[in-house]
Amino acid sequence: MMDLEAQIQLLINNAPKDGVTPNLIAAIAPTLVAIAQRLRYSQYYILQNSEGSWVLTTLSHRANPGIEKRIVYAFPTIQDVTLISPAGLDPHITPKIVPVTHILFQLVALEPVDSIVFLETPGTTTHSYEVQRSEFQKLIQKQLQQQRPSKNIPPNIA
């Protein structure tokens with residue numbers, strides 16, 4: 001199991017060497033770590049399709065079916081994938097284990113995703129922690145504003 005600081009370093013090491021992304025990751029690392037520390041696990045299973053894209057689930061509001069939100073589920077164990085998804089029956093969908101800070105970092109760029117729902121208790125869907133993309137972006141924006149301006153971090157990144 002990888003600790004959060006090692007996860008951040010891996011993100012930085014694997015980032016495009018574009019002069020922006022590694023600095024951005026370092027800049028928002030405190031926010032990534034702060035949210036990751038609220039979660040029970042350091043890595044989760046994310047469902048991916050055959051192209052490697054994360055599988056979205058669209059949920060409708062019970063009282064108002066016209067209101068929808070698109071989420072990605074993060075599962076604590078591979079067995080938990082079957083609690084929500086029939087993915088085990090679809091050979092084109094596979095669970096992939098992903099470090100929690102990497103999941104959170106991806107949330108910044110996942111335009112169609114409204115939230116990531118982290119299932120926190122193996123064997124049940126009743127205990128979860130939702131990270132809403134809009135709230136997460138506000139936290140990142142605040143983090144970036146607190147740091148001294150850097151020409152390597154675009155102001156409109158989050």
Side-chain angles (χ1 to χ4, degrees), residues 1-16 21-22 24-65 67-144 157-158:
M1 202 178 293
M2 198 182 322
D3 76 353
L4 298 178
E5 294 304 321
Q7 288 184 20
I8 296 293
Q9 193 57 54
L10 187 62
L11 262 178
I12 291 169
N13 293 348
N14 292 333
T21 309
L24 172 66
I25 295 167
I28 67 170
T31 303
L32 296 172
V33 169
I35 292 175
Q37 287 174 335
R38 297 178 192 166
L39 299 165
R40 286 191 184 169
Y41 300 95
S42 65
Q43 44 191 12
Y44 289 81
Y45 287 88
I46 300 288
L47 295 177
Q48 294 186 341
N49 63 23
S50 55
E51 289 85 43
S53 297
W54 290 4
V55 174
L56 294 178
T57 300
T58 301
L59 301 177
S60 295
H61 192 278
R62 286 186 184 148
N64 188 348
I67 299 175
E68 295 182 339
K69 72 176 172 181
R70 294 163 309 256
I71 65 164
V72 170
Y73 283 108
F75 303 93
T77 71
I78 199 162
Q79 292 81 11
D80 291 315
V81 169
T82 59
L83 293 173
I84 290 176
S85 171
L89 306 173
D90 187 340
H92 300 291
I93 296 180
T94 55
K96 180 182 179 200
I97 195 152
V98 181
V100 67
T101 57
H102 297 212
I103 295 169
L104 294 169
F105 183 69
Q106 285 296 317
L107 183 57
V108 176
L110 289 173
E111 283 294 334
V113 176
D114 296 309
S115 298
I116 294 185
V117 175
F118 293 88
L119 300 179
E120 292 290 87
T121 304
T124 180
T125 60
T126 56
H127 300 102
S128 63
Y129 186 87
E130 180 177 1
V131 178
Q132 295 180 355
R133 185 169 180 263
S134 58
E135 293 302 312
F136 185 59
Q137 286 180 317
K138 286 177 191 171
L139 288 173
I140 288 174
Q141 221 29 292
K142 186 176 177 183
Q143 176 76 38
L144 293 174
I157 196 74

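When reading the values below, keep in mind they use all heavy atoms of this one structure, side chains included, and skip hydrogens, waters and symmetry mates.
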[X] to [Y] - nearest heavy-atom pair and separation:
{"X": "Thr77", "Y": "Tyr45", "answer": "C-CD1, 3.5 Å"}
{"X": "Leu83", "Y": "Thr124", "answer": "CD1-N, 3.5 Å"}
{"X": "Asp80", "Y": "Pro122", "answer": "OD2-CA, 3.3 Å"}
{"X": "Arg133", "Y": "Leu110", "answer": "NE-O, 3.2 Å"}
{"X": "Ile46", "Y": "Tyr73", "answer": "CD1-O, 3.6 Å"}
{"X": "Gln143", "Y": "Pro30", "answer": "NE2-CG, 3.5 Å"}

Could you grab the distance from atom [atom1] of [X] to atom [atom2] of [Y], nearest 0.5 Å is fine?
{"X": "Arg40", "Y": "Leu119", "atom1": "CZ", "atom2": "CG", "answer": "11.0 Å"}
{"X": "Lys96", "Y": "Gln43", "atom1": "NZ", "atom2": "CD", "answer": "11.5 Å"}
{"X": "Ile12", "Y": "Gln7", "atom1": "CD1", "atom2": "CD", "answer": "12.0 Å"}
{"X": "Ile84", "Y": "Thr57", "atom1": "CD1", "atom2": "OG1", "answer": "7.5 Å"}
{"X": "Gln132", "Y": "Leu139", "atom1": "CD", "atom2": "CG", "answer": "11.0 Å"}
{"X": "His102", "Y": "Leu10", "atom1": "NE2", "atom2": "CG", "answer": "4.5 Å"}

Derivation of the side-chain contact (heavy atoms from CB on, under 4.5 Å) call for Phe136 and Ile28: CA-CA 11 Å; Phe136 185 59; Ile28 67 170; 5.8 Å; no
Check against side-chain contact (heavy atoms from CB on, under 4.5 Å), Val117 and Val72: CA-CA 6 Å; Val117 175; Val72 170; over 6 Å; no
Is any side-chain heavy atom of Leu4 closer than 4.5 Å to a side-chain heavy atom of Leu32?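 Not touching, per the 4.5 Å side-chain cut-off.
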Apply the side chain to side chain contact (heavy atoms under 4.5 Å, CB included) test between Leu104 and each candidate in Leu11, Val98, Ile116, Val131; give the one that qualifies. Val131
Identified side chain to side chain contact (heavy atoms under 4.5 Å, CB included) partner of Phe105 from the options Ile140, Ile25, Val100: Ile25
Begin with the C-alpha distance, continue with both residues' side-chain angles, and end with the deciding distance and a verdict on side-chain contact (heavy atoms from CB on, under 4.5 Å) for Glu120 and Ser128. CA-CA 5 Å; Glu120 292 290 87; Ser128 63; 5.6 Å; no
If we ignore hydrogens and angles and just use 3.5 Å, is the side chain of Asp114 paired with the main-chain N or O of Arg70 as donor and acceptor?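 The answer is yes, because a donor-acceptor pair under 3.5 Å joins these two groups.
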